[in-house]
Amino acid sequence: MEKLDIEDLNWNNFSAIGNGKGSKQREVYFTNECKMWLKKYLASHEDSCKALFVTDTHPSYKTNGYSDDQVGFKTTC
């Protein structure tokens with residue numbers, strides 16, 4: 001998926017709809033455990049960005065020498 005916004009999550013259905021390659025919408029499903037971790041992740045954020053996963057140009061996590069692109073993060077918002 002190219003991007004996934006918080007509003008694309010369907011907590012009741014354990015799914016998310018995002019735009020994939022060619023602007024085609026795709027629905028993906030996640031487990032109850034994933035739902036729990038996503039909610040913890042979102043509760044820990046203090047930004048107002050609508051993207052589900054966001055980093056800045058100097059992320060605070062360790063990437064073991066890999067660039068943002070190699071790790072799979074985008075610098076959005």
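Bear in mind the structure is a predicted one, so any value in this text is a computation, not a measurement.
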Novice: Taking all atoms of both residues into account, what is the closest heavy-atom pair of Gly18 and Leu4, and its distance?
Specialist: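 Closest heavy-atom pair between Gly18 and Leu4: CA-CD1, 4.0 Å.
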
Novice: About how many Å separate NZ of Lys35 and CG of Leu9, when rounded to the nearest 0.5 Å?
Specialist: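 Rounded to the nearest 0.5 Å, the CG-NZ separation comes to 10.5 Å.
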
Novice: For residues 36-43, run the donor-acceptor check on the side chains, cut-off 3.5 Å, and write out each pair with its distance to 0.1 Å, sequence neighbours left out.
Specialist:
{"unit_1": "Tyr41", "atom_1": "OH", "unit_2": "His45", "atom_2": "NE2", "d": "3.3"}
{"unit_1": "Tyr41", "atom_1": "OH", "unit_2": "Leu52", "atom_2": "O", "d": "3.4"}

Novice: Atom OH of Tyr29 and atom CZ of Phe14: how far apart are they, to the nearest 0.5 Å?
Specialist: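 That separation rounds to 12.5 Å.
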
Novice: From Arg26 CZ over to Ser15 OG, what is the distance, rounded to the nearest 0.5 angstrom?
Specialist: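 Atom-to-atom, Arg26:CZ and Ser15:OG are 15.0 Å apart.
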
Novice: Using side chain to side chain contact (heavy atoms under 4.5 Å, CB included) as the criterion, list what pairs up with Asp5, not counting sequence neighbours.
Specialist: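 Result, side chain to side chain contact (heavy atoms under 4.5 Å, CB included) vs Asp5: Lys3, Glu7, Asp8, Lys50, Ala51.
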
Novice: Can you measure from CD1 (Ile17) to CG (Asn13) and round to the nearest 0.5 angstrom?
Specialist: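 These two atoms lie 8.5 Å from each other.
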
